[in-house]
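A note on names: the letters A, B, ... follow the listed sequences, proteins ahead of strands, and every chain is numbered from 1. The model shown is predicted, which means the values in this text are computed figures rather than measured ones.
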There are 2 protein chains.
Amino acid sequence: MTEIRWLGDNEQRAWRGYLRMQGRLGARLNRQLQIDSELSLADFDVLVHLTDVPEARVRVVELARALQWEQSRMSHQIARMQKRGLVVREECPEDRRGAFVVLTPSGRRAIETAAPRHVETVRRLFFDRLTEDQVRTLGAISDQVLGALDEEEATGS
Amino acid sequence: MTEIRWLGDNEQRAWRGYLRMQGRLGARLNRQLQIDSELSLADFDVLVHLTDVPEARVRVVELARALQWEQSRMSHQIARMQKRGLVVREECPEDRRGAFVVLTPSGRRAIETAAPRHVETVRRLFFDRLTEDQVRTLGAISDQVLGALDEEEATGS
DNA sequence: GCGGAATACATGATGCATCATGTACGTTGA
DNA sequence: TCAACGTACATGATGCATCATGTATTCCGC
């Protein structure tokens, strides 16, 4: 049994702060988006990616990879969004197991009205409070941690 | 209609990185905790707070405030944890509307075996990748953003 | 070209987060 | 003191995330 390396005071503070920010900011953004535009953050991410892609049309598997979501989550998400008319599923002729997700006009309208408001909220609550340097550091932190996750999940499999 | 201030390239990158890290790190920690100790992160937070408090016994409202959770979330969480024997509810004599949450021996065993493993995971995936300076900056970022949230929610009410 | 493995996706079940609502109790002020 | 209001908590409904499983198709080695 090896020695346990507990967190030091600075780490404790940073970690609790991060968890709290993460939780409350996420909750706030979700609620705001819901009130303003009747979308969840998950809906938003899917819609944004669809507008970024030729013909607003992607393979499900591609979308999942791009957002780094599990396949099953994506499948359920698409099902719910289809029910609300934001996207439709289409069959894939080249690979008959596969499927496309396609943005509907209604989905496009939704993201076009939602995006500016959402960006404004993010700016107000987040970027307006941060210095350029802090933004850069946060980017670096994210990259490093994502690197750690990628490594573990690569070797682990 | 005022001009929309979209995010610049650096902000885009930082924001997408943050969202991705947040999502994947959270998912990973949750899964690990579930596998190792059959607890969710939410369970963990509740249990940690209970061990931090005299007699491992708190008012529900106090616990909700400490973790900055909504009351209803806390109520459901306590109900689930009680079902699994991790905590029990007790009546409050001084204020008969209120209730206490009390850590059970089983709950204490759970948190005592879970904590070291969880800390190890957090350290491996997070702190081992960061410099001291980055940790400090992250702490500052969290404080500033939480400040923004507090302000809005104070004036908004 | 065939049989086994891998891939793409759907679906049902469970736990979790939030909202809306309900109930009991306390508090305050005329 | 009592009526109005606020507070502490529970509960049911809904949407979301994950796990386990199932099905159809493609790929690959022989």
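Scanning atom types as modelled, one donor and one acceptor separated by under 3.5 angstrom connect the side chain of A:Gln71 and the base of C:dA10.
OP1 or OP2 of D:dA10 lies within a sub-4.0 Å distance of a side-chain N or O belonging to B:Arg89. The phosphate of C:dC16 has OP1 or OP2 within less than 4.0 Å of a side-chain N or O from B:Arg80. For C:dC19, neither phosphate oxygen OP1 nor OP2 lies less than 4.0 angstrom from any side-chain nitrogen or oxygen of B:Arg73. In this model, the phosphate group of D:dC16 is not approached by any side-chain N or O of A:Gln77 to a distance below 4.0 Å at OP1 or OP2. Contact between the side-chain N/O atoms of A:Arg96 and the OP1/OP2 oxygens of C:dC9 is not found at any separation under 4.0 Å. Between B:Ser72 and C:dT18 there is no side-chain polar atom (N or O) within less than 4.0 angstrom of OP1 or OP2.
When atom types are taken as modelled, the side chain of B:Thr104 and the backbone of B:Leu86 share a donor-acceptor pair closer than 3.5 angstrom.
Atom CG in A:Asn30 sits about 13 Å away from atom C1' in C:dC19, given to the nearest Å. Remark: P of C:dT7 and CE of A:Met74 are 18 Å apart, rounded to the nearest angstrom. Between the CD atom of B:Glu94 and the C1' atom of C:dG26 there is a distance of 14 Å, rounded to whole Å. Rounded to whole angstrom, the span from the CD atom of B:Gln34 across to the C1' atom of C:dC16 amounts to 11 Å. Residue A:Arg31 contributes atom CZ, which lies 21 Å from atom P of D:dT14 at whole-angstrom precision. Here the C1' atom of nucleotide C:dC9 and the CG atom of A:Leu63 are 13 Å apart, to the nearest Å. In this structure, A:Leu67 places its CG atom 15 Å from C1' of D:dA17, rounding to the nearest Å. When the P atom of C:dC19 is taken as reference, atom CG of A:Leu33 falls 13 Å away, rounded to whole Å.
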query: Going through the distances and angles, do A:Gln77 and A:Arg80 end up as a side chain to side chain contact (heavy atoms under 4.5 Å, CB included)?
result: CA-CA 5 Å; A:Gln77 179 72 30; A:Arg80 284 189 301 265; 3.0 Å; yes

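Taking hydrophobic clusters as Ile, Leu, Val, Met, Phe, Trp and Tyr residues chained together by side-chain heavy-atom distances below 4.5 Å, A:Ile78 shares a cluster with A:Val48. A:Val61 and A:Val58 end up in different hydrophobic clusters when Ile, Leu, Val, Met, Phe, Trp and Tyr side chains are linked at under 4.5 Å.
Ranking C:dT18, C:dA17, D:dT18 by closeness to the B:Ala27 side chain, first place goes to D:dT18. Side chain of A:Arg97, nearest nucleotide from D:dT26, C:dG26, D:dC9: D:dT26.
Backbone-only engagement by A:Glu70 is indicated by non-hydrogen atom pairs under 4.0 Å involving sugar-phosphate atoms exclusively. Across all strands shown, A:Asp95 has heavy atoms under 4.0 Å from sugar-phosphate atoms exclusively, and none from any base.
Using the six-membered ring where Trp is involved, A:His118 and A:Phe44 have ring planes that are tilted, between 30° and 60° apart.
Closest-nucleotide positions on DNA chain C for B:Ser40 and A:Ala99 were compared, and the one nearer the 5' end corresponds to A:Ala99.
Summarising the geometry of B:Arg57 relative to B:Leu50, their closest heavy-atom pair is N-CD2, 4.1 Å, with the distance given to 0.1 Å.
Aromatic stacking of A:His76 on D:dC16: not satisfied for centres closer than 5.5 Å together with planes under 30 degrees.
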